[in-house]
2 protein chains.
Amino acid sequence: MPCHDSPDLEKLDLITVLRALADPVRLDIVQRLYVLGEANCAALIGSRPKSSMSHHFQVLRESGILHTRIEGVQHHNSLRLQELEIRFPGLMDSILKNTEAAQLRRQTSS
Amino acid sequence: MPCHDSPDLEKLDLITVLRALADPVRLDIVQRLYVLGEANCAALIGSRPKSSMSHHFQVLRESGILHTRIEGVQHHNSLRLQELEIRFPGLMDSILKNTEAAQLRRQTSS
DNA sequence: TCTATAGTTCGATAGCGATCGAACTATAGA
DNA sequence: TCTATAGTTCGATCGCTATCGAACTATAGA
């Protein structure tokens with residue numbers, strides 16, 4: 001059963017999580033996932049090569065930020081929001097709220 | 001007037017802030033500053049060379065996380081908590097709470 | 001069985017950033 | 001004016017990581 005398993009809750013490390021989030025591509029993935037709920041890689045790839053995206057998904061997965069559910073050929077990714085909330089209360093909230101705000105700001109400005 | 005000026009509130013960038021926090025040395029500095037309120041560099045340098053610490057303070061300063069008030073020879077550093085709270089509501093809270101929790105965990109375990 | 005699709009793995013490259021010693025700057029105090 | 005102190009700047013090194021093409025794996029469907 002090839003199901004990329006995410007690390008346990010207690011093993012999640014703040015530095016690792018912050019480092020995973022501190023990348024524009026990954027923060028974008030996280031924000032889109034928040035909006036979409038669940039999505040396969042293809043839906044999240046813009047114009048970037050698959051190998052790059054696969055790398056970013058791996059970083060997000062190993063840091064514990066997202067979970068990948070494999071169904072046939074497709075990999076369905078979703079944020080581990082409930083677990084992250086337990087381990088790092090308020091963290092994802094503050095970051096997702098900000099990316100929302102940033103998006104709104106982008107849409108309305110100029 | 002040699003007063004390292006911190007960037008304006010609106011200029012603070014989430015990625016930049018996250019990247020600044022995603023380093024063990026800097027996260028430690030931030031956590032200590034939170035406890036101490038204000039401190040000069042010397043008080044925050046462990047056994048590391050001054051030049052390394054100066055680099056980390058610069059990163060924290062330029063990302064907008066801390067402010068440096070110069071008084072004679074000493075540089076007094078403090079977190080820009082109120083401003084960060086306005087710009088990224090809840091972010092520092094969640095991170096500082098976690099580092100506190102981590103500290104407690106470290107102190108009480110084994 | 002053949003093909004298309006979804007995603008991973010591999011290997012190479014390139015750039016950024018952490019680290020540190022050494023030289024430098026600037027202020028306080030003797 | 002001389003010295004000690006506090007911190008910055010410079011330059012080099014080194015490791016990590018983002019990026020990408022190419023090859024690979026595995027599943028679904030014809």
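Given the structure is predicted, the values throughout are model-derived calculations rather than measurements. Proteins come first, then strands; the chains are lettered A, B, ... in the order of their sequence lines, and each starts at number 1.
Residues satisfying the side-chain hydrogen bond (donor to acceptor under 3.5 Å, both in side chains) criterion with B:T16, sequence neighbours excluded, are B:D13. Checked against side-chain hydrogen bond (donor to acceptor under 3.5 Å, both in side chains), B:R80 has the following partners two or more places apart in sequence or in another chain: B:E83. Checked against salt bridge (charged side-chain N to carboxylate O under 4.0 Å, His left out), B:E62 has no partners two or more places apart in sequence or in another chain. In this structure, the side-chain contact (heavy atoms from CB on, under 4.5 Å) partners of B:A43, at least two apart in sequence or on a different chain, are B:A39, B:N40. The side-chain hydrogen bond (donor to acceptor under 3.5 Å, both in side chains) search around A:Q82 returns none, not counting sequence neighbours. Legend: residues meeting side-chain contact (heavy atoms from CB on, under 4.5 Å) with A:P89, ordered by chain and number and at least two apart, are A:E85.
Within the structure, salt bridge (charged side-chain N to carboxylate O under 4.0 Å, His left out) pairs that include any residue of residues 22-36 of chain B comprise B:D28-B:R32 (at least two apart or interchain). Pairs passing the salt bridge (charged side-chain N to carboxylate O under 4.0 Å, His left out) check and including a residue from residues 42-51 of chain A, sequence neighbours excluded, do not occur.
Scanning all heavy atoms of the two residues, the minimum distance from B:L81 to B:L96 falls at CD2-CD1, 3.9 Å.
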Nucleotide-resolved protein contact map, nucleotides 11-16 of chain C, B/S/- at heavy-atom distance under 4.0 Å
------
What does the B/S/- profile of nucleotides 1-6 of chain C look like, 5' to 3', with a 4.0 Å heavy-atom cutoff to protein?
-----B
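Counting any heavy atom pair closer than 4.0 Å across all strands shown, B:H56 reaches sugar-phosphate atoms only and no base atom.
Regarding contacts with the backbone of C:dA18, every side-chain N or O of B:R48 stays at 4.0 angstrom or more from both OP1 and OP2.
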Given Watson-Crick or G-U pairs with both distances under 3.5 Å, what dot-bracket string fits DNA chain D, with | for other-strand pairs and [ ] for crossing?
||||||||||||||||||||||||||||||
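Using a 4.5 Å cut-off on side-chain heavy atoms (C-beta onward), B:L79 and B:L60 make no contact.
Within residues 11-21 of chain A, no residue has a heavy atom under 4.0 Å from DNA chain D.
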